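Atoms within each ligand, like the ligands themselves, are counted from 1 in listed order. Here, residue 1 is the first one in the sequence, and each next residue gets the next number. Just so it is clear, the structure is predicted and the values come from calculations on it, not from any experiment. Computed from heavy atoms alone, side chains included, the values below leave out hydrogens, waters and symmetry copies.
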Amino acid sequence: MADAEARRQLEKELARFNCRVHQPDDPPLFTREPRSPARSLLWRWSDLKPLLDRIGEMIAIGSGGMRRTLRLADPGLPYGTTPTFWGSIQVILPGEVAQAHRHMANALRFVMQGHGCSTTVDGECYEMNEGDLVLTPSGTWHDHVHRGSAPMIWLDVLDISLVRSLHATFFDPYTQAEQPVAGIRDESFRQYGSGLMSPPGLPRPARNPLLAYPRAMSMAALEQAAGLEPDPFDDVILEYRNPADGGSTMPTLGQQLQMLRPGFRGRARRHTGSKLYYVVRGEGASVVEGVRHDWSAGDFLTIAPWAWHEHLNRSAERDAILFQVNDLPALRALGYYREEALSAGGGFQMIEHPQGRAAPGGPALS
Ligand code: GTQ
Ligand code: FE2
């Protein structure tokens, strides 16, 4: 006890100098592998739909640049959908304007239902239609104006938790509700949208020049990819890319579109970083850490860091299509991405390991 008393005394003295030592009852500094309080959760469209109708009626669209959104909130976390990003469903009614602003957080939208709303990003105006992906990268001014005749909803994903954890939050309202719109609509898509050809003389862009990935393009690409060897985890899967360098659309957030063909059952894997899936169509299931989540069109599913997961199509006739957002570009940029697959024999197979060296004189890493 005298020892414990001496330690407490030391702790007090150290605190005067803003220092401390590890105490026996402190949680361990390191765990052998990630132990995330984040949960892997399923949100069902049948639950979300009435909630969206209610917030559409009850909640006024915010002034000062705030949005009307239903946030997918993991109760295991202080805030957000995963440790790095927030997924929310935004509801915008005919005639409404979601006022112009900009923020440090990178953001994207994937249109779930409706049409007739346009988003202006740094002066470039984009029509948003079902299945379109529109980016508002860090620092870009953006506003949404709904001139259509029916409510519109889309998935918003922002890397808010990451920006917050780095204490790098910035936000500016614009001086007016809407930004002036440039004369050429969809300009970045007209320049770079084919992914194959662009006007000569354009400088090599420093960041992704493309702000929109429309559904017609992504679905055609997915059909093409169906002729490739199937991916053992994901069947037919494509990454949305920066056409200028082949990298991710934004520095922190990756997006993928995949098709699970009838009867497909994928291999299991786990990795650092987190993912959010939106079921575009079809019926399937994901087994996450031994828990089976049956999903169908309109549902959302998260995969927590380092959680084992595998996907299957429950239908023998219909394709299932999933849109995915992940934080893997952020993990990879930092050298923190690690991935393992489950082998047929039950062992683990390392897929990606940034510290992938064997200990000196020791056995090779498995
Ligand atoms: O549409 O600009 O879900 O700024 C959260 C913050 C959407 C947006 C969100 C935002 C937006
Ligand atoms: Fe925003």
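Taking each heavy atom of R147 and S118 in turn, the nearest pair found is NH1-OG, 3.9 Å.
Take the N/O/S atoms of H101: the one nearest the Fe ion (ligand 2) is NE2.
Atoms NE2 of H103 and NE2 of H142, as seen from the Fe ion (ligand 2), are separated by an angle of 90°, to the nearest 10°.
Within the 4.0 Å heavy-atom cutoff, H101 counts among the residues contacting ligand 1.
In this model, no donor atom of one side chain and acceptor atom of the other lie less than 3.5 Å apart for S286 and H293. Checking S248 against R332 by side-chain atom types alone, no donor-acceptor pair falls below 3.5 Å.
Within the listing of ligand 1, atoms 1 (O), 2 (O), 8 (C) sit less than 4.0 angstrom from a heavy atom of H144. Close approach of ligand 1 to T69 is summarised as follows: ligand atoms under 4.0 Å from at least one heavy atom of the residue are 3 (O).
Nearest protein heavy-atom contact of atom 8 (C) of ligand 1 is R67 NE, 3.0 Å. Shortest contact from atom 5 (C) of ligand 1 to any protein heavy atom: L158 CD1, 3.5 Å. In this structure, the protein non-hydrogen atom closest to atom 7 (C) of ligand 1 is D156 OD2, 3.3 Å.
Sparse packing is recorded around CZ of F170, with 12 or fewer heavy atoms of other residues, nucleotides or ligands lying under 6.0 Å away.
Between the T81 side chain and the G87 main chain, a donor and an acceptor come within less than 3.5 Å of each other. Side chain of R190 to backbone of R185: a donor-acceptor contact under 3.5 angstrom is found. Side chain of D143 to main chain of A98: no donor-acceptor pair is present (N/O by atom type, distance under 3.5 Å, no hydrogens or angles).
At under 3.5 Å, a nitrogen or oxygen of R109, whether backbone or side chain, sits near a nitrogen or oxygen of ligand 1.
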